[in-house]
Amino acid sequence: MSNFLKILALAVFISITWKIGAQHRQSVEVPLKRSYWGFALGLQLGPIDRYEISPLLGYRIKQGIWTGISGRYIFHNNKNLHVKLKSHVYGGAVFTDFVVVKSFEKLKPFNFPGSLFLRGELEMLNMNVDAFDPGNHPGQTRFWKPGYLVGAGLRQISKTGAGFFFTVQYNLNDAKRLPYDNPVVKFGFVF
């Protein structure tokens with residue numbers, strides 16, 4: 001998929017979620033805090049093990065619309081190849097969340113006092129050439145790779161701003177040269 005099509009898909013996703021967020025903006029609870037910090041964790045076990053930690057900072061722009069930045073550190077252990085490869089991946093991301101369901105408590109039969117949000121995310125990862133793209137970067141040991149993630153998540157945040165979240169996202173970039181498989185599942189905590 002060309003970079004133009006990826007950016008176009010991300011723009012369409014953001015515009016659709018903006019309209020959905022606008023329809024539900026009136027009913028979204030306002031936490032006492034406008035900003036938060038926290039971290040997300042990712043885990044994948046099997047022929048390829050992946051352990052991720054992502055510290056994050058977020059800010060509420062308007063009711064139901066959040067944006068933020070996130071760091072990335074991923075330990076990648078590929079046990080699938082003839083030569084075992086362990087690699088350290090690092091980078092960062094910017095994200096935007098749009099709350100589409102304020103609380104599942106009002107939707108029967110659910111009894112979850114949390115919200116549903118849509119997320120769009122742009123990440124940049126610095127990866128080892130030998131582990132992720134051998135032969136395509138002569139003279140380099142590492143290279144940068146963008147990721148365009150879209151998905152949804154559940155979040156429960158108290159009035160003090162502390163809480164947890166769970167996201168499932170799909171990376172629109174080619175997954176063969178990324179340190180994880182689709183879908184990308186993460187959970188985390190905010191304060």
Side-chain angles (χ1 to χ4, degrees), residues 10 13-14 17-18 20-21 24 28-46 48-77 87-105 107 110-127 144-173 175 178-191:
L10 187 60
F13 171 78
I14 289 172
T17 54
W18 181 272
I20 292 171
H24 298 300
V28 176
E29 282 185 28
V30 180
L32 296 177
K33 294 169 56 174
R34 287 189 67 95
S35 62
Y36 63 90
W37 63 274
F39 60 92
L41 301 171
L43 175 67
Q44 174 183 324
L45 299 173
I48 298 175
D49 293 340
R50 175 184 66 88
Y51 307 94
E52 176 180 348
I53 185 161
S54 300
L56 56 93
L57 293 170
Y59 183 76
R60 178 175 50 92
I61 297 173
K62 291 179 159 183
Q63 284 184 308
I65 302 173
W66 298 80
T67 190
I69 59 172
S70 174
R72 296 273 197 274
Y73 171 76
I74 302 169
F75 175 74
H76 186 268
N77 183 15
S87 180
H88 302 277
V89 177
Y90 54 86
V94 294
F95 62 88
T96 302
D97 295 343
F98 299 95
V99 176
V100 293
V101 175
K102 176 183 82 168
S103 177
F104 282 101
E105 285 183 313
L107 300 175
F110 301 105
N111 192 17
F112 176 71
S115 60
L116 171 69
F117 62 94
L118 300 178
R119 174 172 282 188
E121 189 168 351
L122 171 63
E123 74 176 1
M124 288 296 288
L125 297 178
N126 187 283
M127 300 183 285
W144 286 95
K145 178 87 172 179
Y148 313 99
L149 294 101
V150 294
L154 295 173
R155 132 173 67 217
Q156 183 179 21
I157 298 178
S158 71
K159 292 191 185 289
T160 63
F164 70 92
F165 65 91
F166 172 80
T167 61
V168 177
Q169 296 174 277
Y170 183 82
N171 194 326
L172 301 177
N173 212 342
L178 292 171
Y180 46 74
D181 295 325
N182 279 319
V184 180
V185 178
K186 295 181 188 177
F187 67 93
F189 301 92
V190 295
F191 307 96

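Remember, it's a predicted structure, so these values are computed and weren't measured experimentally.
- Between Leu149 and Glu123 there is a side-chain heavy-atom pair separated by less than 4.5 Å.
- With sequence neighbours excluded, the residues forming a ring pair (Phe, Tyr, Trp, His ring centres under 6.0 Å) with Phe75 are His88, listed by chain and number.
- We find the OG1-NZ distance between Thr67 and Lys62 to be 13.5 Å, quoted to the nearest 0.5 Å.
- At least one side-chain heavy atom of Tyr170 sits less than 4.5 Å from a side-chain heavy atom of Leu172.
- Atom CZ of Phe187 is separated from atom CG of Leu41 by 4.5 Å, given to the nearest 0.5 angstrom.
- Taken to the nearest 0.5 Å, the NZ atom of Lys186 stands 11.5 Å off from the CD1 atom of Ile53.
- Side-chain contact check for Arg34 and Tyr59: at least one donor-acceptor pair (N or O, by modelled atom type) lies under 3.5 Å.
- Ring pair Tyr36/Phe191: centre-to-centre distance not below 6.0 Å.
- With contacts defined as side-chain heavy-atom distances shorter than 4.5 Å, the pair Ser87/Met127 does not qualify.
- Remark: side-chain polar atoms of Thr167 are not paired, donor with acceptor, to backbone N or O of Ala152 under 3.5 angstrom.
- A pairwise comparison of heavy atoms in Asn173 and Tyr148 identifies ND2-CE1, 4.1 Å as the closest pair.
- Closest approach of Val185 and Arg50 over heavy atoms only: O-NH2, 4.3 Å.
- Between the CH2 atom in Trp144 and the CG atom in Leu125 there is a gap of 8.0 Å [rounded to 0.5 Å].
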Trace of the side-chain contact (heavy atoms from CB on, under 4.5 Å) decision for Asn171 with Tyr180: CA-CA 9 Å; Asn171 194 326; Tyr180 46 74; 2.9 Å; yes
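- Checked by atom type, the side-chain pair Asn77/Tyr51 shows no donor-acceptor distance below 3.5 Å.
- Within the 4.5 Å cutoff, the side chain of Asp181 has heavy atoms near those of the Gln44 side chain.
- Applying the salt bridge (Lys or Arg N to Asp or Glu O under 4.0 Å) rule to Arg155 yields the partners Asp97; only residues at least two apart in sequence or on another chain are considered.
- What you find for Arg72 and Ser54 is that their closest heavy atoms are CD-OG, 3.4 Å.
- Val101 is not listed as a side-chain neighbour of Ser115, based on a closest heavy-atom distance of 4.5 Å or more.
- Side-chain contact between Phe39 and Phe189: present, with at least one pair of heavy atoms (C-beta onward) separated by less than 4.5 Å.
- In plain terms, the two heavy atoms of Glu121 and Ala93 that are nearest each other are OE2-CB, 3.4 Å.
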Derivation of the side-chain contact (heavy atoms from CB on, under 4.5 Å) call for Gln169 and Val150: CA-CA 5 Å; Gln169 296 174 277; Val150 294; over 6 Å; no
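- Annotation: the span from Ile65 atom CD1 to Arg60 atom CZ amounts to 10.5 Å, rounded to 0.5 Å.
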Audit row: Trp37, Val190, side-chain contact (heavy atoms from CB on, under 4.5 Å) steps and yes/no: CA-CA 5 Å; Trp37 63 274; Val190 295; over 6 Å; no
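- Here the OG-NZ distance, from Ser35 to Lys33, works out to 6.5 Å after rounding to the nearest 0.5 Å.
- Side chains of Val89 and Asn126 form no contact here, defined as non-hydrogen atoms less than 4.5 Å apart.
- Between Trp66 and Ile61, every side-chain heavy-atom pair lies at or beyond the 4.5 Å cut-off.
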